[in-house]
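Here's the structure, in C-alpha cells; my notes come after.
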Number of protein chains: 4
Amino acid sequence: MQSSPLTPGDPAAARADGGRTGRVPRAEREQQMLDAAVLVFSRRGFHHANMDEIAELSGVSKPMVYAYLGTKEELFIACLRRESARLVSGLAAAADPTLPPDQQLWRGLKGFFEFVGAHRDGWSVLYRQARTQQPFSAEISRMREAVVEVITDRLDGALRQEGRQVKPDDLTAMALTLVGASESLADWLADHPDEDPGRTATRLMNAVWLGADQLMRGSTWRPPTP
Amino acid sequence: MQSSPLTPGDPAAARADGGRTGRVPRAEREQQMLDAAVLVFSRRGFHHANMDEIAELSGVSKPMVYAYLGTKEELFIACLRRESARLVSGLAAAADPTLPPDQQLWRGLKGFFEFVGAHRDGWSVLYRQARTQQPFSAEISRMREAVVEVITDRLDGALRQEGRQVKPDDLTAMALTLVGASESLADWLADHPDEDPGRTATRLMNAVWLGADQLMRGSTWRPPTP
Amino acid sequence: MQSSPLTPGDPAAARADGGRTGRVPRAEREQQMLDAAVLVFSRRGFHHANMDEIAELSGVSKPMVYAYLGTKEELFIACLRRESARLVSGLAAAADPTLPPDQQLWRGLKGFFEFVGAHRDGWSVLYRQARTQQPFSAEISRMREAVVEVITDRLDGALRQEGRQVKPDDLTAMALTLVGASESLADWLADHPDEDPGRTATRLMNAVWLGADQLMRGSTWRPPTP
Amino acid sequence: MQSSPLTPGDPAAARADGGRTGRVPRAEREQQMLDAAVLVFSRRGFHHANMDEIAELSGVSKPMVYAYLGTKEELFIACLRRESARLVSGLAAAADPTLPPDQQLWRGLKGFFEFVGAHRDGWSVLYRQARTQQPFSAEISRMREAVVEVITDRLDGALRQEGRQVKPDDLTAMALTLVGASESLADWLADHPDEDPGRTATRLMNAVWLGADQLMRGSTWRPPTP
DNA sequence: TATGAATGAGAGTTCATTCAT
DNA sequence: TATGAATGAACTCTCATTCAT
C-alpha cells in the first residue's frame with residue numbers, strides 16, 4: 001500500500017498557495033490550511049492523513065497548523081464545518097418555503113447534487129468518514145438531525161396548508177429515506193464523473209416522490225422547464 | 001477519547017468463550033476470534049481497535065490470531081464476510097422471486113431490518129466503517145453491487161411480466177435509493193433500541209413504494225396480515 | 001520484499017522426501033531435515049530463514065526438528081559441518097602430498113571449484129553467511145584455520161625438500177591469499193553458471209602460481225594433460 | 001548471545017557526541033548517527049543491531065534517526081556509502097595511473113590496508129556483512145564491480161603500453177584474485193592488531209605479483225624506499 | 001515417533017504533538 | 001509570525017521455542 005504525494009513534481013508548485021511564501025495574514029493562511037486539510041483528509045482518510053503532509057501542502061510548518069487550527073481532530077472538524085456551511089447556505093437559498101413541496105424537494109435535491117458534483121472529492125468524502133469515525137459522530141449527528149428537521153418541517157408545513165397531517169415518526173422516516181437515498185446516490189455520482197447532477201436529482205425525485213409503485217406503472221416525474 | 005475494557009472486572013469473564021481455557025480446536029477458536037473481533041471493531045472502530053484486545057477477548061495470545069486469521073485487515077475482512085454471509089442467506093430465503101414485487105420488497109426489507117436489529121452492534125457498524133476505510137472499499141463495493149443487481153433484476157422481472165420496461169439507469173437509481181434509504185434507517189434503528197424492526201420496514205415501504213406524493217395524499221401501504 | 005515458497009505448487013510435492021509420509025528412521029529423517037535446512041538457509045539467509053519452512057520442507061512438524069537437531073543455531077552448525085565434511089574429504093583425496101607443489105595446488109583448486117560448482121547454492125552460501133554472522137565465526141575460523149594450516153604445511157614441506165625456507169608469516173600470507181582468492185572466484189563461479197570449474201581453477205593457478213608479473217610478461221601456466 | 005551496552009557506565013559518556021546534548025544542526029546530527037550506526041552494526045551485525053541502541057548512542061530518540069536517515073536498511077546503506085566513499089577517494093589518490101603497474105598495485109594495496117587498519121571495526125566489518133545479507137548484495141556488487149573494473153583497466157593499460165595483451169577473462173580473474181586476496185588479508189589484519197598495514201601490503205605484493213612459484217624460488221619483491 | 005496449539009519477547013516503524021529559537 | 005529539532009507512546013507483526021496429547 002504505497003502512498004504517493006498528492007501532487008507530484010516540484011514541491012513548491014504542489015503547495016496550495018501556488019508557491020507563495022513569507023508572511024501571510026492569518027485569515028488567508030487558515031484558508032490555505034483548510035484547503036490542504038480537506039484535500040489530504042479526503043484522499044487519505046482521517047487516520048492515514050498525516051499532519052506533515054497537510055503542513056507541507058499549506059506551505060507552512062507544522063507548528064503553525066497547530067497554532068492556528070489546533071489538533072488533528074479539531075482541524076478535521078474545522079474542515080467539516082466549513083464545507084457543511086457552504087452546503088447549507090446553498091440549500092437554504094435553493095428551497096424557498098413558499099414553493100409547493102415537490103418544487104422545494106426538487107430544488108433541494110438539485111442543489112445538493114450540484115454541490116456534491118462540484119466538490120466530488122471534498123464534502124462527501126469527509127462526510128462519510130465523519131459518520132463512522134467515533135470522535136466526529138456527535139458533530140455529524142447534529143448536522144444530520146438539522147437537515148432531517150428542516151425536511152420534516154417543510155413537509156409538515158405543506159401538509160398543514162392542505163389541512164392534512166401525518167404521524168411524526170412517519171415524517172421522520174420519510175426524511176430519513178430522503179437523506180439516506182441522497183447519500184447513496186451522492187456516492188454513486190461521485191463514482192460516475194460523466195453523470196450530470198441534475199439527472200441524478202431527477203432520478204431520485206422519481207424514486208421518492210412517485211414511489212416505486214407509480215414508477216412501475218409508467219408514471220414519470222419531470223423537472224419543471226426553467 | 002476514553003478507552004476502557006469492553007467488559008470490566010474479571011478478565012476471565014470477559015472472554016468470548018465464557019472463560020473456557022486451554023486447547024481448543026482450530027475451527028472453534030476461529031469463531032471465538034471472529035466474535036471477539038466483531039465486538040472490538042464495532043465498539044472501537046477499525047483503527048482504534050487493537051489486536052491485543054481482540055486476542056485477549058478470544059482467550060488467546062496475539063500470535064494465534066495472526067496464525068489463524070492473518071493481519072488486522074484480513075481479520076476485518078473475515079468479519080465482514082462472515083456477517084454478510086449471514087445476512088445474505090437470510091435475505092435470499094425471505095424474498096421469494098415468485099411473489100409480487102411489493103411482497104418481495106416488503107419481505108426483503110423486513111428481513112434486513114430484523115437482521116440489523118438482532119445484530120445492532122455487529123453488522124451495520126462494521127459495514128459503515130468498511131464503506132469509508134480505504135482498504136475495504138473494494139470488498140464493500142462488491143457486496144453492495146451484488147445487492148443492487150439482485151434488486152434491479154427482481155424489479156425488471158416483475159416489469160417484464162406485465163409487459164412493461166424501465167430504463168436501466170432508472171432501475172439502478174431506484175435500487176440505490178432503496179439501499180441508501182435502508183442503510184439510513186438501519187442507522188436510525190440502531191440508535192432507537194425500542195423501535196420494532198417490522199415497523200421500520202413498514203415506514204420504509206410507505207416511503208419508497210408509495211412515494212412521498214401518495215403518502216402526502218393520505219395513502220398508506222400496509223403489511224399483509226400474516 | 002515478498003517471500004515466496006521455495007517450491008511452488010503442491011505442498012506434498014515440495015517436501016524434500018518427495019511426499020513420503022509416516023514413520024521414517026531417525027537417521028534418514030535427519031538427512032531430510034538437513035537437506036531442507038541447507039536449502040532454506042542458503043536461499044533466505046540465516047535470519048530470514050524460519051523454522052516453520054524448514055519443518056514443512058522436511059515433511060515433519062517443528063517439534064521433530066527441535067527433537068532431532070536442536071535449536072536454529074545448532075541446526076545451522078549441523079548443516080555447516082555436514083557440508084564442510086563433504087568438501088574436506090574431497091580435497092584431501094585430491095591433493096596427494098607426494099606430488100610436486102604446483103600439482104598439489106592445481107588439484108586442490110580443481111577439487112574445490114568442482115565442489116563449489118556442484119553445490120552452487122549450498123556450501124558457499126552457507127559458508128559466506130557463517131563468516132559474518134557472529135555466533136558462527138568461531139566454528140568458521142576453526143575450519144578456515146585448518147585449511148590455511150594444511151596449505152602452509154604442504155608449501156613448507158615442498159620447500160624443505162629443496163632445502164629452502166620461507167618465513168612463516170609469508171607462508172601464511174600466501175595461504176591466505178590462496179584462500180581469499182579462491183573464495184572470491186568461487187563467488188564469481190556461482191554467478192556464472194556456464195563457466196567450467198576447471199577453467200576457473202586454471203585462471204586462479206595462473207594468477208597465484210605465476211604471479212601478475214610473469215603473467216604480464218606472457219608466461220602461462222597450463223594444467224597437465226591427464 | 002550476550003548483549004551488553006557498547007560502552008558501559010554513564011549513558012551520557014557513551015554517546016558518540018561525547019555527551020553534547022540539545023539542539024544540533026541536521027548535518028552534524030547525521031554524522032553522529034552514522035558514527036553510531038557504523039559502530040553498532042559492526043559490533044552486533046545488521047540483524048542483532050537494534051535501532052534503539054543506535055539512537056541512544058547518537059544522543060537522540062529513535063524517531064530522529066528515522067526522520068533523517070530512513071529505515072534500518074537505508075541507514076545501513078548510508079553507512080556503507082559513506083565509508084566506501086572515504087576508501088575510494090583514498091585509493092584513487094594513491095594509485096596514480098602514470099606509474100608503472102607494480103607501483104600502482106603497491107600503492108593501491110598499501111592505501112587499502114592502511115584504511116582497513118585505521119578503521120578496523122568499521123569498514124571491513126560492514127563490507128563483509130553486506131556481501132552476505134541479501135538486501136545489500138546489489139549495492140555491494142556495484143562497488144565490487146567498480147573496483148574490479150578499475151583494476152582490469154589499469155592492468156590493460158599497462159599491457160598495451162608494452163604492446164602486449166591478455167584475454168579479458170584472465171584479466172578479470174586476476175582482478176578477482178587481487179580483490180579476494182585483499183579481502184582475506186584484510187580480515188586477518190583486523191584480527192591481528194599488532195600487524196603493520198604496510199607489511200601486510202608487502203606480503204600480498206609478494207604473493208600476487210611474484211606468484212607462488214617465484215616466491216618459492218627465493219625471489220622477493222620489495223617496496224620502493226621512499 | 002509425532003503434532004496441533006500456544007506463547008513470551010521483542011523489533012521496526014509511525015505520528016501527533018511540543019520545545020527552543 | 002514562523003520553524004527545525006526533538007520525542008513519548010503506540011501498534012502491528014514475527015519467530016524461536018515449548019506444552020499437552
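Excluded from the calculations below are hydrogen atoms, water molecules and symmetry mates; all remaining heavy atoms, backbone and side chain alike, are included.
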Worksheet item: Does any donor-acceptor pair link the side chain of K62(D) with the base of dT7(F) at a separation under 3.5 Å?
Response: no

Fill in: DNA chain E: 5'-proximal contact among N50(D) and S61(C) (nearest heavy atom)
S61(C)

Fill in: Distance, nearest 0.5 Å, that separates OG1 of T71(B) from CD of E74(B)
3.5 Å

Practice prompt. Drop me the distance from L57(C)'s CG to D52(C)'s CG, to the nearest 0.5 angstrom.
Written response: 12.0 Å

Worksheet entry | V40(B) vs M51(B), side chain to side chain contact (heavy atoms under 4.5 Å, CB included): CA-CA, chis, key distance, verdict | CA-CA 9 Å; V40(B) 174; M51(B) 297 296 275; over 6 Å; no

Discussion item. For F136(B), give me all partners under side chain to side chain contact (heavy atoms under 4.5 Å, CB included), at least two apart in sequence or on another chain.
Written reply: F46(B), E73(B), F76(B), I77(B), A130(B), Q133(B)

Between [X] ([atom1]) and [N] ([atom2]), how many Å, whole number?
X: E30(B); N: dA6(E); atom1: CD; atom2: P; result: 11 Å
X: E73(B); N: dC11(F); atom1: CD; atom2: P; result: 17 Å
X: M51(D); N: dG10(E); atom1: CE; atom2: C1'; result: 15 Å
X: H48(D); N: dA16(F); atom1: NE2; atom2: P; result: 11 Å
X: E28(C); N: dA2(E); atom1: CD; atom2: P; result: 11 Å
X: R23(D); N: dA5(F); atom1: CZ; atom2: C1'; result: 4 Å
X: M33(A); N: dT1(F); atom1: CE; atom2: C1'; result: 11 Å
X: E53(A); N: dT14(E); atom1: CD; atom2: C1'; result: 14 Å

Worksheet item: Taking only side-chain nitrogens and oxygens of R29(D), does any of them come within less than 4.0 Å of OP1 or OP2 of dA6(F)?
Response: yes

Worksheet, complete the sentence: By nearest-heavy-atom nucleotide on DNA chain F, the more 5' of P63(C) and A27(D) is A27(D)

Worksheet item: Would you call K62(D) and E56(D) a salt bridge, taking side-chain N to carboxylate O under 4.0 Å as the test?
Response: no

Worksheet item: Just one of R44(D), R43(D), H48(D) clears the side-chain hydrogen bond (donor to acceptor under 3.5 Å, both in side chains) bar with E53(D), so which one?
Response: R44(D)

Worksheet item: For residues 64-72 of chain D, which residues have at least one heavy atom under 4.0 Å from DNA chain F?
Response: M64(D), Y68(D)

Worksheet entry | Considering all heavy atoms, the nearest S42(B)-V125(B) contact | O-CG1, 3.4 Å

Worksheet item: Within a strict 4.5 Å, meaning less than it, do heavy atoms of the I54(A) and F41(A) side chains meet?
Response: yes

Item to complete: Scan D52(B) against the nucleic acid and name what it touches under 4.0 Å (heavy atoms): base, sugar-phosphate only, or nothing.
Response: base

Worksheet item: For R26(C), which contact category applies under a 4.0 Å heavy-atom criterion: base, sugar-phosphate, or nothing?
Response: nothing

Discussion item. Run L34(A) and E83(A) through side chain to side chain contact (heavy atoms under 4.5 Å, CB included) and show every step you take.
Written reply: CA-CA 10 Å; L34(A) 288 173; E83(A) 300 299 309; over 6 Å; no

Worksheet item: Dot-bracket for DNA chain F: what is it, with Watson-Crick or G-U pairs under 3.5 Å, [ ] where a pair crosses earlier ones, and | for a pair to another strand?
Response: .||||||||||||||||||||

